[in-house]
Amino acid sequence: MRSLLQFVGWALCIVYTSVPLFWFMIHPFADHWRVQRRNPYRVLLPGWIAMWILIGFATSHWRRIVLYENPWTWIPGIGFLLCGFWLYHQSTRNFSGKQVGGFQEVLQNQRQRLVISGIRGRIRHPMYLGHFCGLLGWSIGTGLAVCYGLTLFAVITGAIMIRMEDNELELRFGEPYRIYRQQVPAFLPKI
């Protein structure tokens, strides 16, 4: 059972880690994707899956390095996983499926609106925080060095992605987003 949980944790950390990389394919090139005749997801989704495979190969050598083994670590690990799921749920309450999936970023003639209510009234990027909580939950629970390494990589790439996304949203929505950006923290909510 332990080895199955470690494998699942490693695999899910690969997926979580690739999320900022996926958005790197979208945000800097949004204008390019919008003028394509065919649906950009015909390229983007296979590209994202290719990332999973590449990250898996790149980290497979370290996936059996266990920093610690203690079943009690699953208590805080599950707490972080539940926090991540709660953040995902809250993130989708005032966001359409198209917004969550990035369709409005890459498809032509998509009307976009700035959403600053709900969880986004406290944190600008709750989905990224949800990803981080998921990564941290699997890292703590499994004790795998590779999960911690993937978490660190995701934090670094996520921080870059948040900055890029904020700049793009400021260009798109102008002054309302600038005000929102000044009032609401990007990643960690004010207590």
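Throughout, numbering of the chain's residues begins at 1 and tracks the sequence. Values below: every heavy atom of this structure, side chains too, minus hydrogens, waters and symmetry copies.
Side-chain N or O atoms of Trp33 include one that pairs as donor or acceptor with a backbone N or O of Met25 at under 3.5 Å. Without hydrogens or angle criteria, Tyr180 side chain to Arg120 main chain gives a donor-acceptor distance under 3.5 Å. The backbone N or O of Cys147 sits less than 3.5 Å from a side-chain atom of Ser139, completing a donor-acceptor pair. With Thr17 contributing its side chain and Ala154 its backbone, the two residues share no donor-acceptor pair below 3.5 Å.
A pairwise comparison of heavy atoms in Leu150 and Thr59 identifies CD2-CG2, 3.9 Å as the closest pair. Among all heavy-atom pairs drawn from Gly137 and Leu81, the shortest one is CA-CG, 4.1 Å. The shortest heavy-atom contact between Arg63 and Leu144 is O-CD2, 3.4 Å. Closest non-hydrogen pair, Tyr68 versus Ile140, comes out as OH-O, 2.7 Å. Between Gly141 and Thr73, the shortest heavy-atom contact is O-OG1, 3.3 Å. Among all heavy-atom pairs drawn from Trp62 and Ala58, the shortest one is CZ3-O, 2.8 Å.
Remark: aromatic rings of Trp138 and Trp74 are close, center separation under 6.0 Å.
Leu171 and Phe29 sit in two unconnected hydrophobic clusters of ILVMFWY residues. Membership requires side-chain heavy atoms under 4.5 Å apart, directly or through other members. Under the 4.5 Å side-chain heavy-atom criterion for ILVMFWY residues, no single connected hydrophobic cluster contains both Ile119 and Ile116. Hydrophobic cluster membership differs between Leu54 and Ile26, with clusters built from Ile, Leu, Val, Met, Phe, Trp and Tyr side chains linked at under 4.5 angstrom. The same ILVMFWY cluster, assembled from side-chain heavy atoms under 4.5 Å apart, contains both Ile14 and Phe153. No continuous path of hydrophobic side-chain contacts links Met161 to Leu169 [ILVMFWY only; heavy atoms under 4.5 Å].
Put simply, CZ on Arg42 and CG on Leu45 are 11.5 Å apart, with the number rounded to the nearest 0.5 Å. Note that the SG atom of Cys83 and the CD atom of Gln90 stand 10.5 Å from one another [nearest 0.5 Å]. Atom CG of Leu87 sits about 11.5 Å away from atom CZ of Phe132, to the nearest 0.5 Å. Here the CZ atom belonging to Arg122 is positioned 13.0 Å from the OG atom belonging to Ser117, to the nearest 0.5 angstrom. Summarising the geometry, atom CG belonging to Leu129 is positioned 9.5 Å from atom OH belonging to Tyr88; distances are rounded to the nearest 0.5 Å.
Contact check for His61 versus Val146: no side-chain heavy atoms found under the 4.5 Å cut-off. A heavy-atom distance below 4.5 Å is not found between the side chains of Ile160 and Pro20. With a 4.5 Å cut-off on side-chain heavy atoms, Asp166 and Arg181 count as touching.
Below 30°, between 30° and 60°, or above 60°: for His125 and Tyr128 the angle between ring planes is between 30° and 60°, a tilted geometry.
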Verdict with reasoning, Met164 to Phe24, per side-chain contact (heavy atoms from CB on, under 4.5 Å): CA-CA 9 Å; Met164 290 174 68; Phe24 281 133; 3.3 Å; yes
Audit row: Leu188, Ile123, side-chain contact (heavy atoms from CB on, under 4.5 Å) steps and yes/no: CA-CA 7 Å; Leu188 295 175; Ile123 180 173; 6.0 Å; no
Evaluation steps, side-chain contact (heavy atoms from CB on, under 4.5 Å), between Trp48 and Leu44: CA-CA 6 Å; Trp48 191 23; Leu44 293 170; over 6 Å; no
Worked verdict on Phe173 versus Arg178 for side-chain contact (heavy atoms from CB on, under 4.5 Å): CA-CA 8 Å; Phe173 295 110; Arg178 270 189 287 285; over 6 Å; no
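Side chain to side chain, Asn167 and Arg172 fail the donor-acceptor criterion of an N or O pair below 3.5 Å. Using a 3.5 Å distance cut-off with no hydrogens or angles, the side chains of Thr142 and Trp10 do not pair a donor with an acceptor.
The local environment of CZ in Phe80 is sparse, with at most 12 non-hydrogen atoms from other residues, nucleotides or ligands closer than 6.0 Å.
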